[in-house]
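Shown next, in structure tokens, is the structure this report addresses.
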Amino acid sequence: MTLNEEQQKFWMGLLLRRAEANGREGEVPVSAVVLDRRGRCVGFGGNTREREQDPLGHAELVAMRQASRLRGDWRFNDCTLLVTLEPCPMCAGALVQARMGHLIYAATDPKRGAMGSTINLAEHCSAHHVMQVTGGVLEEQASAMLATWFRQRRRRPDGSVEARSRTS
């Protein structure tokens, strides 16, 4: 299924609003949706790592898990996944393994992004599947939301900003 630019912005706008709500709940504000070939939502997810204490609680994985249960199939050749942040290596690997047809993301992740920023698992020689990848849909809004969320998380009660070590 191919989404036109208007449809991509519509879905990404919904995801950004949901991600912002997820951020208010203490999770990193990322959300994802899986659309089937007819454009219907078959899986939705937001980060759940903190709430569920689950290292696999990334929005993409939550959405794909829900979609695979609903569809009764783990193969997503004819589906599209939209997500507000470029997938990390774990999620990018899962997208390749699940044979996702199309990935659309908003903000790039220059530190951990695995669909072109630090590495590109979609084009790696080990990838047995060709996935269409579109990045940068509503990127400015997504990047600003994430930057604001992380800046607020680093603030101390006295209003100063916590120093972060390079190892954390």
Side-chain angles (χ1 to χ4, degrees), residues 1-3 5 7-23 27-37 41-52 54-71 73-147 149-150 153:
M1 177 199 139
T2 303
L3 296 176
E5 187 176 336
Q7 293 167 319
Q8 291 178 21
K9 288 180 178 180
F10 169 79
W11 281 106
M12 199 61 75
L14 289 175
L15 290 174
L16 287 170
R17 287 190 293 280
R18 182 59 203 129
E20 193 169 39
N22 212 28
E27 296 287 348
V28 175
V30 177
S31 62
V33 65
V34 177
L35 304 177
D36 70 8
R37 71 174 143 216
C41 172
V42 293
F44 178 81
N47 278 8
T48 62
R49 289 190 329 169
E50 297 300 325
R51 181 173 49 253
E52 296 181 12
D54 179 5
L56 304 179
H58 288 214
E60 302 94 315
L61 301 181
V62 172
M64 286 194 297
R65 186 176 300 122
Q66 185 180 76
S68 64
R69 288 180 181 146
L70 182 67
R71 297 172 74 236
D73 192 0
W74 60 267
R75 295 169 193 86
F76 293 98
N77 300 74
D78 60 347
C79 294
T80 299
L81 183 132
L82 291 96
V83 63
T84 56
L85 179 63
E86 179 182 1
C88 70
M90 175 177 68
C91 294
L95 288 163
V96 170
Q97 291 297 317
R99 298 173 173 88
M100 187 61 66
H102 189 184
L103 165 68
I104 301 169
Y105 64 88
T108 58
D109 186 348
K111 292 182 181 178
R112 292 173 198 87
M115 287 296 181
S117 289
T118 62
I119 57 175
N120 191 339
L121 292 183
E123 295 181 2
H124 191 270
C125 63
S126 67
H128 57 281
H129 166 72
V130 176
M131 180 184 347
Q132 182 182 356
V133 178
T134 304
V137 176
L138 300 184
E139 182 172 16
E140 288 182 25
Q141 294 94 316
S143 294
M145 177 190 57
L146 286 159
W149 188 85
F150 279 108
R153 291 285 292 192

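Here OG1 of Thr80 is found 11.0 Å from CE of Met131. Values are rounded to the nearest 0.5 Å. To the nearest 0.5 Å, the span separating CZ on Arg65 from NE2 on His58 amounts to 11.0 Å. Rounding to the nearest 0.5 Å places CZ of Arg37 at 5.0 Å from CG of Asp78. Put simply, CD on Gln132 and CE on Met100 are 12.5 Å apart, with the number rounded to the nearest 0.5 Å. Leu138 CG to Leu16 CG: the interatomic distance, rounded to the nearest 0.5 Å, is 6.0 Å.
Nearest approach of His102 to Thr134, heavy atoms of both residues: NE2-OG1, 2.8 Å. Here the shortest heavy-atom pairing between Leu85 and Glu60 reads O-OE2, 4.1 Å. Summarising the geometry of Phe76 relative to Arg71, their closest heavy-atom pair is CD2-NH1, 3.4 Å, with the distance given to 0.1 Å. In this structure, Thr48 and Arg51 approach most closely via the heavy-atom pair CG2-NH2, 3.2 Å. Nearest heavy atom pair, residue Met115 against residue Ala122, reads SD-CB, 3.6 Å. Between Met90 and Pro55, the shortest heavy-atom distance links the atoms CE-O, 3.7 Å.
For Asp54, the side-chain hydrogen bond (donor to acceptor under 3.5 Å, both in side chains) criterion is met by no residue, not counting sequence neighbours. Applying the side-chain contact (heavy atoms from CB on, under 4.5 Å) test to Ala19 and every residue at least two apart in sequence or in another chain returns Pro29, Ser31, Thr84, Met145. The salt bridge (charged side-chain N to carboxylate O under 4.0 Å, His left out) test applied to Arg49 returns no partner, not counting sequence neighbours. Residues satisfying the side-chain hydrogen bond (donor to acceptor under 3.5 Å, both in side chains) criterion with Ser68, sequence neighbours excluded, are absent altogether. Every residue two or more places apart in sequence or in another chain that forms a side-chain contact (heavy atoms from CB on, under 4.5 Å) with Ala114 is listed here: Pro89, Ala92, Ile119, Leu121. By the side-chain contact (heavy atoms from CB on, under 4.5 Å) test, Phe150 pairs with Val28, Leu146, Arg154, sequence neighbours left out. Residues that satisfy the salt bridge (charged side-chain N to carboxylate O under 4.0 Å, His left out) test with Arg75, not counting sequence neighbours, are Asp73. Take Val33 and apply the side-chain contact (heavy atoms from CB on, under 4.5 Å) test, not counting sequence neighbours, and it matches Trp11, Leu15, Leu35, Cys41, Phe44, Leu82. Taking the side-chain hydrogen bond (donor to acceptor under 3.5 Å, both in side chains) definition, one finds that Thr118 meets it with nothing, sequence neighbours left out. Arg69 meets the side-chain hydrogen bond (donor to acceptor under 3.5 Å, both in side chains) test with no other residue; sequence neighbours excluded.
The closest donor-acceptor contact from the side chain of Glu86 to the backbone of Gly116 lies under 3.5 Å.
When only modelled atom types and interatomic distance are considered, Thr108 and Glu139 share a side-chain donor-acceptor pair under 3.5 Å.
Here salt bridge (Lys or Arg N to Asp or Glu O under 4.0 Å) pairs that include residues 7-19, with residues two or more places apart or in two chains, are Glu5-Lys9, Arg18-Glu25.
Residues Met64 and Leu95 meet the side-chain proximity criterion, which asks for heavy atoms closer than 4.5 Å.
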After noting the C-alpha distance and the side-chain angles of Val30 and Asn22, does the key distance pass the side-chain contact (heavy atoms from CB on, under 4.5 Å) rule?
-> CA-CA 7 Å; Val30 177; Asn22 212 28; over 6 Å; no
